[in-house]
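Only heavy atoms go into these numbers, but all of them, side chains included; no hydrogens, no water, no symmetry mates. It should be emphasised that the depicted structure is a prediction, and the values quoted were computed from it without experimental measurement. The sequence lines fix the lettering, A, B, ..., with proteins before strands; numbering per chain opens at 1.
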There are 2 protein chains.
Amino acid sequence: MQRYFGDRSTAVSVVDLVEHFRGEMNKVTVYRILSRMEAEGIIHSFSGSDGLKWYAACKQCTNHSHYDHHPHFQCKVCGMIECLEISLPIPKLKNRKVDTEIILLIGECETCAS
Amino acid sequence: MQRYFGDRSTAVSVVDLVEHFRGEMNKVTVYRILSRMEAEGIIHSFSGSDGLKWYAACKQCTNHSHYDHHPHFQCKVCGMIECLEISLPIPKLKNRKVDTEIILLIGECETCAS
DNA sequence: TTCTTATTGCAATTAGGTTGCAATAAGAAA
DNA sequence: TTTCTTATTGCAACCTAATTGCAATAAGAA
């Protein structure tokens, strides 16, 4: 599982992971390893526009700065989701304290747009 | 149901709606009325950070500009979600065409922060 | 080896959401 | 009003993501 995320820059849905490891590893085990790896700061999770849970390898994340979320980009054609290594300014709102923002940009990836 | 959204500026999760109308209306009916009202441009939906489906009354939405999504704000203490009538700039990405952004700001609302 | 702890598999369960179908309500036409 | 047609609702069953309990196994330490 570690190896699976090692050289992957895009995110994977849990459903795809369970499917990928079918025969090799039980569904429940996949879920458990994922939450363990997330707790250790190796991967991070977020829920896609479909409401499914997605996981991706952490690059600059540490155990501590794990929740400094970065934006994600999803291709509406092929469904692919990737992490964006940009940081967008968190807007100020009056009478509210904002400390996190969850951003999902949707469009077409390089492959699907051409 | 129309009345329910009429004077409400915050969003409601489907789970809460089903609970609210229990005894008065079947779960399936709640779901069906909601998707009908969404198709008519009266309300709009999005999925919260928990992966649940939320609905809120449309203010400037029309049947057509229904998908000009606006950001939402969620209080991490009480869980309340509200629509923000601000528009944030959609960032440009190289090699990708971005046409929508789903934004959820998370923090503390006025009531919970004080 | 023996004891203890962590990991895994399997079955069952919970929960959000959908579908099929029959029953009822609501309108239009006669 | 009566009849025909269409839309709305309730109920049971189902689908799928995710979780839990528990026994079985693997892994480490004493």
Side-chain angles (χ1 to χ4, degrees), chain A residues 1-6 8 10-58 63 66-67 69 72 74 76 78-81 102 104 106, chain B residues 1-6 8 10-58 63 66-67 69 72 74 76 78-81 102 104 106:
Chain A
M1 187 79 98
Q2 302 259 2
R3 200 177 313 130
Y4 185 89
F5 281 101
R8 192 172 301 266
T10 57
V12 210
S13 73
V14 181
V15 177
D16 288 342
L17 275 170
V18 169
E19 173 61 30
H20 181 266
F21 284 102
R22 195 163 49 127
E24 182 181 343
M25 193 183 286
N26 189 275
K27 176 181 70 164
V28 182
T29 307
V30 173
Y31 276 95
R32 286 196 275 229
I33 293 182
L34 286 174
S35 40
R36 208 153 56 212
M37 285 173 70
E38 184 173 27
E40 289 165 357
I42 303 172
I43 56 177
H44 62 273
S45 72
F46 56 95
S47 58
S49 53
D50 48 7
L52 290 191
K53 203 163 189 183
W54 289 70
Y55 280 96
C58 289
N63 255 345
H66 201 46
Y67 296 101
H69 294 295
H72 292 96
Q74 178 163 34
K76 65 182 177 186
C78 66
M80 177 275 301
I81 300 187
I102 296 176
L104 179 61
I106 296 175
Chain B
M1 188 80 100
Q2 301 259 3
R3 200 177 313 130
Y4 185 89
F5 282 101
R8 191 171 302 264
T10 57
V12 209
S13 73
V14 181
V15 177
D16 287 342
L17 274 170
V18 169
E19 173 62 28
H20 181 266
F21 285 102
R22 194 163 50 127
E24 183 181 342
M25 193 183 284
N26 190 275
K27 177 181 71 162
V28 182
T29 307
V30 172
Y31 277 95
R32 285 196 276 228
I33 293 182
L34 286 173
S35 39
R36 207 153 57 211
M37 285 173 69
E38 184 172 28
E40 290 165 357
I42 303 172
I43 56 177
H44 62 273
S45 72
F46 56 94
S47 59
S49 53
D50 48 6
L52 291 190
K53 204 164 188 182
W54 289 70
Y55 280 96
C58 290
N63 256 345
H66 201 47
Y67 296 102
H69 294 295
H72 292 95
Q74 178 163 33
K76 65 180 177 187
C78 66
M80 177 276 300
I81 300 187
I102 297 176
L104 180 62
I106 296 176

Check: Residues in side-chain contact (heavy atoms from CB on, under 4.5 Å) with T10(B), at least two apart?
Finding: R8(B), M80(B), E82(B)
Item checked: With Y4(B) via ring pair (Phe, Tyr, Trp, His ring centres under 6.0 Å) - residues at least two apart -> H20(B), F21(B)
Check: When the aromatic ring centroids of H44(B) and Y55(B) are compared, is their separation below 6.0 Å?
Finding: no
Check: Between dT9(D), dA12(C), dT18(C), which one does the side chain of K27(A) approach most closely?
Finding: dA12(C)
Checklist line | Bracket string, DNA chain D, 5' to 3' - pairs by Watson-Crick or G-U geometry under 3.5 Å, | interstrand | finding: ||||||||||||||||||||||||||||||
Margin query: Please find the pair of heavy atoms, one from M37(B) and one from Q2(B), that lie closest to each other, and give the distance.
Written below: CE-CA, 4.1 Å
Margin query: By the 4.0 Å heavy-atom rule, please label V15(B) as base, sugar-phosphate, or nothing.
Written below: sugar-phosphate
Check: How would you label the contact of K53(B) with the nucleic acid (heavy atoms, under 4.0 Å): base, sugar-phosphate, or nothing?
Finding: sugar-phosphate
Item checked: Single hit among I42(A), T29(A), I43(A), V18(A) for side-chain contact (heavy atoms from CB on, under 4.5 Å) with L34(A) -> I43(A)
Check: Sequence neighbours excluded, which residues qualify as side-chain contact (heavy atoms from CB on, under 4.5 Å) partners of R36(A)?
Finding: I33(A), E40(A)
Notebook entry, point to check: According to a strict under-4.0 Å criterion, is N26(A) in side-chain N/O contact with OP1 or OP2 of dT8(C)?
Noted result: no
Check: Taking all atoms of both residues into account, what is the closest heavy-atom pair of W54(A) and D50(A), and its distance?
Finding: NE1-OD1, 3.7 Å
Next item on the list: Could you work out which one of dG9(C), dT8(C), dG10(D) sits closest to the side chain of M25(B)?
Entry: dG10(D)
Item checked: Under 4.0 Å protein heavy-atom contact, by nucleotide of nucleotides 20-25 of chain C - B base, S sugar-phosphate only -> B-----
Next item on the list: Report which part of the nucleic acid V14(B) touches: base, sugar-phosphate, or nothing (heavy-atom distance under 4.0 Å, all strands).
Entry: sugar-phosphate
Notebook entry, point to check: In Å and rounded to the nearest 0.5 Å, what is the CD1 to CG distance from I81(B) to L104(B)?
Noted result: 6.0 Å
Check: Nearest-Å distance, CZ (R22(A)) to P (dG9(C))?
Finding: 15 Å
Next item on the list: Taking only the side-chain heavy atoms of R36(A) (C-beta and beyond), determine which of dT19(D), dG16(C), dT7(C) contains the nearest atom.
Entry: dT7(C)
Note to self: Among residues at least two apart in sequence or on other chains, which ones pass side-chain hydrogen bond (donor to acceptor under 3.5 Å, both in side chains) with S49(A)?
What the structure shows: Q74(A)
